[in-house]
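Here is the structure we will look at.
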Amino acid sequence: MRVLFVCTGNICRSPAAHAVFEAAARSAGLLATVDSAGTGSWHIGELPDPRARAEGARRGYRLDHRARKLRPADFDVFDLLIAMDRSHLETLTSLAPAGRQGRLVLFRTFDPAADGELDVLDPYYDNDGAFSGMFDVIERAAPALLARVAPRVPVAGVYR
């Protein structure tokens, strides 16, 4: 399975989901290619936001991905392209070649506590607590996403 997480600049939400899901897949013994990208090019080549890296490290994740922009080839390479919020899903939908829309999914649809909120909120312009909240959402949704990707693999809890 090949999974791509997509957010705006590829320095907060998508690299965090990338790290959490990669750890979950590894913990479940699943061979998966996991990557992340941004819809914009502002941060290409940069490491994730220091606050995301700090919160990830506090939770046992290593965020060392270098930001990159979404590429047209990603729609062919990845089995699932996972949008971190509805605006990313709209962008993916508008860019997806014919027949590839079925590969697009909104990440928060896997969050059992979403309660109608479908966006993983962008913590970039917020305080450190927003990064903790972002990881809480991602860790809640990762097991259900993993269950969709590998329905026969037992999945539970947070993976570190």
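Numbers here simply count residues along the sequence, with the first being 1.
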- For R13 and D49, run salt bridge (Lys or Arg N to Asp or Glu O under 4.0 Å): C-alpha distance rounded to whole Å, both residues' side-chain angles, the deciding distance at 0.1 Å, then the answer. CA-CA 10 Å; R13 294 171 285 178; D49 185 287; over 6 Å; no

- How are the rings of Y61 and F135 set relative to one another: parallel (under 30°), tilted (30 to 60°) or perpendicular (over 60°)? parallel

Between [X] and [Y], which heavy-atom pair has the shortest distance, and what is it?
{"X": "R2", "Y": "V77", "result": "NE-O, 2.7 Å"}
{"X": "A37", "Y": "S14", "result": "O-OG, 3.5 Å"}
{"X": "D126", "Y": "R51", "result": "O-NH1, 3.0 Å"}
{"X": "G9", "Y": "A67", "result": "O-CB, 3.8 Å"}
{"X": "A83", "Y": "L92", "result": "CB-CD1, 3.9 Å"}
{"X": "V105", "Y": "F110", "result": "CG2-CE1, 3.6 Å"}

- Between CG on residue L145 and CD1 on residue I82, distance to nearest 0.5 Å: 4.5 Å

- Can a donor-acceptor pair be found between the side chains of T8 and H88 at a distance below 3.5 Å? yes

- Message: Between M1 and R148, is there a side-chain heavy-atom distance shorter than 4.5 Å?
- Response: no

- Query: Which side chain to side chain donor-acceptor pair (under 3.5 Å) pairs, counting each pair once, include a residue from residues 91-103, with sequence neighbours left out?
  - Reply: D76-R100

- Query: Of K69, R68, H65, which meets side chain to side chain donor-acceptor pair (under 3.5 Å) against N10?
  - Reply: H65

- Item | Under 3.5 Å: donor-acceptor pair, side chain of D35, backbone of L4 | no

- Item | Side-chain (R53) to main-chain (L63) donor-acceptor, under 3.5 angstrom | no

- Message: Applying salt bridge (Lys or Arg N to Asp or Glu O under 4.0 Å) to E55 and R59, what does each step give before you reach the verdict?
- Response: CA-CA 6 Å; E55 183 62 26; R59 294 173 184 243; 2.6 Å; yes

- Go through the structure and list residues passing side-chain hydrogen bond (donor to acceptor under 3.5 Å, both in side chains) with R66, not counting sequence neighbours. none

